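One structure is given here, and the rest of the page talks about it.
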Amino acid sequence: MGFKYCAILWKTLLTVGLVVFYYCFSIGITFYNKWLLKGFHFPLFMTMVHLLMIFVLSAISREIVKCYSGRTRVTLSWTNYLKKVAPTAVATALDIGLSNWSFLYITVSLYTMTKSSAVLFILFFSLVFKLEEPTAGLILVVLLISGGLFMFTFKSTQFNSEGFILVLAASCLGGVRWTLTQILMQKAELGLANPIDTMYHLQPLMFLSLFPLFLGIEGLHVSTSDQLFRYHDIHALLLLLSALCAGGLLAFGLGYSEFLLVSKTSSLTLSIAGIFKELCILLLATHLLGDEMSLLNWLGFAVCISGIALHVALKTIHGKGADTHKWHRTELSADMELLLMGREDEEDEDS
């Protein structure tokens, strides 16, 4: 009996530790992006540095795993890479780029709430790609989340239309991104079930996808900026570069912590953790950054979160009643949705 209680205690402590580990990266990268972009107004350049960091860290991780396990990591052919990975990479790059761009205009609370609407777009594209079946429960989920978002933004004192459009467009692209990612990771022949391998293959194309947008919008400004190429203080430059690299570490750590949490517990744990994480971010934003939220805003948040919680519950119930293959598919779908909700993306990033 004592051994049983010790096992339960160990599992509980492990789960709590992994959730806290995930929160550190997920919440940290959100506030990091907002903090850095207050004085460094080049979100696309910042995103590209993060993508480069994630690629390098993913490559190093693959080599470490290869040396430890003795198994060669998967490397896709150019045909599969361009045909099957490229669409996911483009959608992911634009999702993360627009998300980071929106921080120049909107508060963390409005960003977090609007980004939660990504579940709506995930459901829409899941229906388009026939990954979901339309049900009354899904319709209720859509109504709750969209209604909560409307209540949150209605007569908001800190509402910015430009930033809101940017993050809403990012959420739409996020729906495409995670639907394509789900399909990509479910293709057993590609061998990209491990997120480290997925990140390794996605980053180069993401970088190339974002580069033309960066050149057109920020290229000239970055090349003439006193903070970078025309610097006057080497210490300030090194401090800025260190801060940018720290963001890359946070973005990579987020992806790794999500994978670790799911592999050691379950996607349900990640789902529940993701819901409470939204609340933590809003509370921190109101206390640390001075974000203003009315009673109607909080009610809108509660309605939206209830819609997300209902969706998680429906996925869990459906998973228990399905066979092993469908259960695995449901688990992966739930993971992808909550990964999106947790990013600054990726990111996300990141992603």
Side-chain angles (χ1 to χ4, degrees), residues 23 26-27 30-31 33-34 95 98-127 132 134-176 178 271-316 334 337-345 348:
Y23 276 12
S26 185
I27 297 176
T30 300
F31 286 92
N33 287 338
K34 185 65 178 178
D95 172 21
L98 293 180
S99 295
N100 289 339
W101 196 357
S102 70
F103 275 116
L104 291 177
Y105 307 103
I106 62 175
T107 60
V108 169
S109 56
L110 180 57
Y111 168 84
T112 301
M113 187 64 186
T114 309
K115 200 64 173 164
S116 298
S117 68
V119 175
L120 296 178
F121 297 104
I122 291 175
L123 289 176
F124 172 75
F125 289 110
S126 294
L127 292 172
E132 293 276 2
T135 63
L138 288 182
I139 294 174
L140 181 58
V141 167
V142 170
L143 291 175
L144 285 171
I145 296 176
S146 55
L149 181 61
F150 175 77
M151 292 170 65
F152 190 89
T153 57
F154 184 71
K155 291 185 178 180
S156 175
T157 56
Q158 295 176 303
F159 182 80
N160 180 285
S161 57
E162 189 173 356
F164 179 73
I165 291 172
L166 280 171
V167 74
L168 199 61
S171 296
C172 180
L173 287 165
V176 180
W178 289 113
S271 302
I272 296 172
I275 292 172
F276 282 101
K277 185 206 68 180
E278 306 293 307
L279 177 60
C280 292
I281 289 177
L282 290 188
L283 290 174
L284 287 172
T286 54
H287 285 84
L288 298 180
L289 302 180
D291 289 9
E292 299 175 6
M293 291 182 59
S294 65
L295 179 60
L296 182 63
N297 297 150
W298 281 112
L299 288 174
F301 171 73
V303 171
C304 184
I305 289 298
S306 66
I308 296 172
L310 175 61
H311 181 53
V312 171
L314 290 174
K315 300 290 286 185
T316 305
E337 290 161 13
L338 267 298
L339 294 186
L340 173 60
M341 289 162 54
R343 285 178 182 262
E344 35 21 28
D345 279 319
D348 5 354

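Atoms considered below: every heavy atom in the structure, side chains included; atoms not considered: hydrogens, waters and symmetry mates. Being a predicted model, the structure only gives us computed values, none of them experimental.
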Thr114 side chain vs Tyr111 backbone, donor-acceptor pair below 3.5 Å: no
Backbone N/O of Thr107 and side chain of Asp291: donor-acceptor pair under 3.5 Å: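 No: the side chain of Asp291 does not pair with the backbone of Thr107.
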What heavy-atom pair brings [X] and [Y] nearest, and what distance separates the two atoms?
X      : Y      : value
Leu144 : Leu310 : CD1-CD2, 4.1 Å
Gly300 : Met151 : CA-CB, 3.6 Å
Ser99  : Ala170 : OG-CB, 3.3 Å
Leu98  : Ala169 : CD1-CB, 4.1 Å
Leu143 : Ser146 : O-OG, 3.3 Å
Cys280 : Tyr23  : SG-CE2, 4.3 Å

To the nearest 0.5 Å, what is the distance between [atom1] on [X] and [atom2] on [Y]?
X      : Y      : atom1 : atom2 : value
Ile145 : Ser306 : CD1   : OG    : 8.5 Å
Ile165 : Cys172 : CD1   : SG    : 13.0 Å
Ile281 : Ser109 : CD1   : OG    : 10.5 Å

For Leu284, side chain to side chain contact (heavy atoms under 4.5 Å, CB included) partners two or more places apart: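 Side chain to side chain contact (heavy atoms under 4.5 Å, CB included) check on Leu284 returns Ile27, Phe31, Leu288.
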Partner set under side chain to side chain contact (heavy atoms under 4.5 Å, CB included) for Leu283, not counting sequence neighbours: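 Leu283 satisfies side chain to side chain contact (heavy atoms under 4.5 Å, CB included) with Leu279, Trp298 only.
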Working for side chain to side chain contact (heavy atoms under 4.5 Å, CB included), residues Phe103 and Val167: CA-CA 9 Å; Phe103 275 116; Val167 74; over 6 Å; no
With Lys34, the side-chain contact (heavy atoms from CB on, under 4.5 Å) member among Leu289, Asn100, Ile106: Leu289
